[in-house]
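The next block holds one structure in the form of structure tokens; read it before the comments.
No hydrogens, no waters, no symmetry mates; every other heavy atom, side chains included, goes into these values. When a residue number appears, it is its place in the shown sequence, counting from 1.
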Amino acid sequence: MADPTRDTLIEFLDPQNAQEALLALEPEEDAPTGVFRVYASSPEYTVRTSRRPARKTAAQAVLRVRELLVFKDERMQRLSYPLGGQLRHRWLGSSGPAVIFPGRGGARVWLESPTVGVLEVQYVTCFDRWQVEAPCPVAIVATLGDAQDSLLLDPGLPLSGIWDEIISGDWSHEDWADKDQTTDLTVRVVNYCSGSGVSGADVWLDGAHRRTNSEGEATFEAVRPGSHSVRAAKPGYMATDEDTLDNERFTI
């Protein structure tokens with residue numbers, strides 16, 4: 001397995017990825033209405049519009065993306081965009097199983113074994129930029145094999161913030177570590193009906209494990225800011241990922 005602190009050349013290929021067409025449309029931020037991006041695993045896609053034809057203004061522009069893949073006792077998650085180049089990764093909180101990344105154009109990320117945790121990835125994707133005159137709402141549909149995505153460009157509506165975080169500057173591990181600030185985090189597990197603390201409960205934070213004390217508290221050291229997953233379970237109680245409270249994700 002490659003050193004996760006260094007840039008990794010994409011050398012692994014999940015055979016299922018070779019058959020999977022990936023496609024995503026997004027409006028271009030800070031651009032006139034009518035400019036949009038197409039992310040595709042192959043250049044053999046088609047674009048149709050409800051009004052005037054669209055024209056391609058840039059091909060294979062490069063975007064660096066950072067995102068968090070949340071695993072809930074499972075082996076596979078998908079990247080938001082087709083993989084286009086260099087990739088780096090690390091587990092948040094504690095180490096996890098070995099990771100198998102897709103080949104170029106793929107998006108499925110596999111683990112050697114199921115786990116509960118959060119994997120942070122930085123990677124390069126590529127997109128084509130298109131433009132269509134849009135003095136009024138324009139519907140756009142892109143197709144690639146069995147994959148299809150659509151987009152409505154409306155000059156009367158502001159763009160919504162739907163972007164993954166874009167990483168600027170270099171990707172040196174030293175800079176990455178220096179920007180991290182950590183804090184100790186205490187998770188308290190309570191009985192939903194009585195509100196009292198539950199002692200002896202198993203708690204997983206991004207895959208790291210603790211057991212609650214007599215007050216129902218478990219402390220995790222050196223937790224980084226950002227989005228995290230948490231799971232608690234104890235015999236006789238319903239595990240937090242099985243109830244309907246939607247409390248398995250939080251941000252600090």
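Within 6.0 Å of the CG atom in D146, the count of heavy atoms belonging to other residues, nucleotides or ligands does not exceed 12. Around atom CD of E215, no more than 12 heavy atoms belonging to other residues, nucleotides or ligands sit under 6.0 Å away.
Taking the side chain as every heavy atom from C-beta outward, W130 and V38 approach each other to under 4.5 Å. Counting heavy atoms from C-beta on, the side chains of V189 and V203 come closer than 4.5 Å. Residues Y39 and D128 fail the side-chain proximity criterion, which asks for heavy atoms closer than 4.5 Å. A 4.5 Å side-chain heavy-atom check between P114 and E74 finds every atom pair outside the cut-off. Proximity of L153 to P27: side-chain heavy atoms (C-beta onward) are separated by under 4.5 Å at one or more points. Taking 4.5 Å as the limit, every side-chain heavy atom of V47 sits out of range of all side-chain heavy atoms of K56. W91 places a side-chain heavy atom less than 4.5 Å from the side chain of F71. Between E28 and R129, some side-chain heavy-atom pair lies under the 4.5 Å cut-off.
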If you apply the rule ring pair (Phe, Tyr, Trp, His ring centres under 6.0 Å), what do you find for H89 with F101, and how did you get there? CA-CA 10 Å; H89 71 284; F101 293 102; 4.9 Å; yes
Pair V99, L111 - check side chain to side chain contact (heavy atoms under 4.5 Å, CB included), show working. CA-CA 5 Å; V99 185; L111 306 181; 3.9 Å; yes
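Between atom CG of residue L68 and atom CD of residue Q77 there is a gap of 11.5 Å, rounded to the nearest 0.5 Å. Interatomic distance, T143 OG1 to L23 CG, rounded to the nearest 0.5 Å: 7.5 Å. One finds the CZ atom of R231 at 6.5 Å from the CG atom of D73 (value rounded to the nearest 0.5 Å). In this structure, CG on L87 lies 11.0 Å from OG1 on T125, to the nearest 0.5 angstrom. Taking CG of D202 as the reference point, atom CZ of R211 lies at 4.0 Å (rounded to 0.5 Å). A distance of 8.5 Å separates OG1 in T186 from CD in E221, rounded to the nearest 0.5 Å.
Looking at E67 and S80, their side chains do bring a donor and an acceptor atom within 3.5 Å of each other.
Between the side chain of T212 and the main chain of E217, no donor-acceptor pair closer than 3.5 Å is present.
In summary, R37 and E29 do not engage in a salt bridge, as defined by a charged side-chain N under 4.0 Å from a carboxylate O.
Summarising the geometry of S113 relative to R75, their closest heavy-atom pair is C-CG, 3.8 Å, with the distance given to 0.1 Å.
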